[in-house]
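Excluded from the calculations below are hydrogen atoms, water molecules and symmetry mates; all remaining heavy atoms, backbone and side chain alike, are included.
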Amino acid sequence: MSTLPDPETPPPARVEPVVLPRWVQLVLLPLAILGVVAVFRAAGPIVLLFIVAALIALLLNPFVSLLRRARFPRGLAVLTVMVCVVLVVTSIGFLLSNPVADQVSAFQKNVPDIVDDANASLADFQGWLDRNGIDVRVKEEGSTALQTLGRNLSEG
């Protein structure tokens, strides 16, 4: 049996292209696009979740393939890679927690000095505005805002 076509049979008839009526192009196509946009807006967080999961799977696939070549079953290879990822992320978290906490407490202690420096710069700017005849008052409002910001940062 030969899979080659018989040279005596005529080629298949030409298929006519599908032509959409103009009203379909002008009405239904924009409505379909708006519908797709509405669905993506409604399901945006879920779509984002699936995109992130797909990217993680794509990035971790070479490690799973490496374990598969070492005769690991696929499920065990995926589990091993995921456990390793969790261990690496938690280790990084533990390693960085103390330096970040130290920097946050140092920043919290320095907030009053930073606010004082900003108030001094604001006073200098107000002096420049006054010397150049520009009638704008920024010092009072700015210092009040800076004091509130400094108080909130110190408390937080």
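One finds the CG atom of L31 at 11.0 Å from the CG atom of L26 (value rounded to the nearest 0.5 Å). Here S121 contributes atom OG and N119 contributes atom CG; the two are 9.0 Å apart, rounded to the nearest 0.5 Å. Between K109 atom NZ and I114 atom CD1 the span is 13.5 Å, to the nearest 0.5 Å. We find the CG-SG distance between L79 and C84 to be 9.5 Å, quoted to the nearest 0.5 Å. Note that CG of L29 is 10.0 Å distant from CG of L34, once rounded to the nearest 0.5 Å. Of the inter-residue distances, the one linking R131 atom CZ with Q126 atom CD reads 10.5 Å to the nearest 0.5 angstrom.
Residues V115 and F125 share a single hydrophobic cluster, defined by chaining ILVMFWY side chains whose heavy atoms lie under 4.5 Å apart. Note: the hydrophobic cluster containing I134 also contains L122 (ILVMFWY, side chain heavy atoms under 4.5 Å, direct or indirect links). Under the 4.5 Å side-chain heavy-atom criterion for ILVMFWY residues, a single connected hydrophobic cluster contains both I56 and L67. V52 and V47 fall into different hydrophobic clusters, where Ile, Leu, Val, Met, Phe, Trp and Tyr side chains are chained together by heavy-atom contacts under 4.5 Å. Hydrophobic clustering (side-chain heavy atoms under 4.5 Å, transitive across Ile, Leu, Val, Met, Phe, Trp, Tyr) groups V89 together with F63.
With V83 as the partner, the side chain to side chain contact (heavy atoms under 4.5 Å, CB included) test is satisfied by one option alone out of V81, V86, L87: L87.
Here the closest heavy-atom approach between residue Q25 and residue P30 is recorded as O-CD, 3.5 Å. Of all non-hydrogen atoms in L76 and T80, the two that sit nearest each other are O-OG1, 2.7 Å. Annotation for N61 and R74: closest pair OD1-NH2, 3.8 Å, computed over non-hydrogen atoms.
Heavy atoms of other residues, nucleotides or ligands lying less than 6.0 angstrom from CD1 of I46 number 12 at most. The number of heavy atoms from other shown groups lying within 6.0 Å of CZ (R137) is above 12.
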### Task
Please report the C-alpha distance between V64 and F72 in whole Å, then the side-chain angles of each, then the deciding distance to 0.1 Å, and finally whether the side-chain contact (heavy atoms from CB on, under 4.5 Å) criterion is met.
CA-CA 9 Å; V64 173; F72 273 69; over 6 Å; no
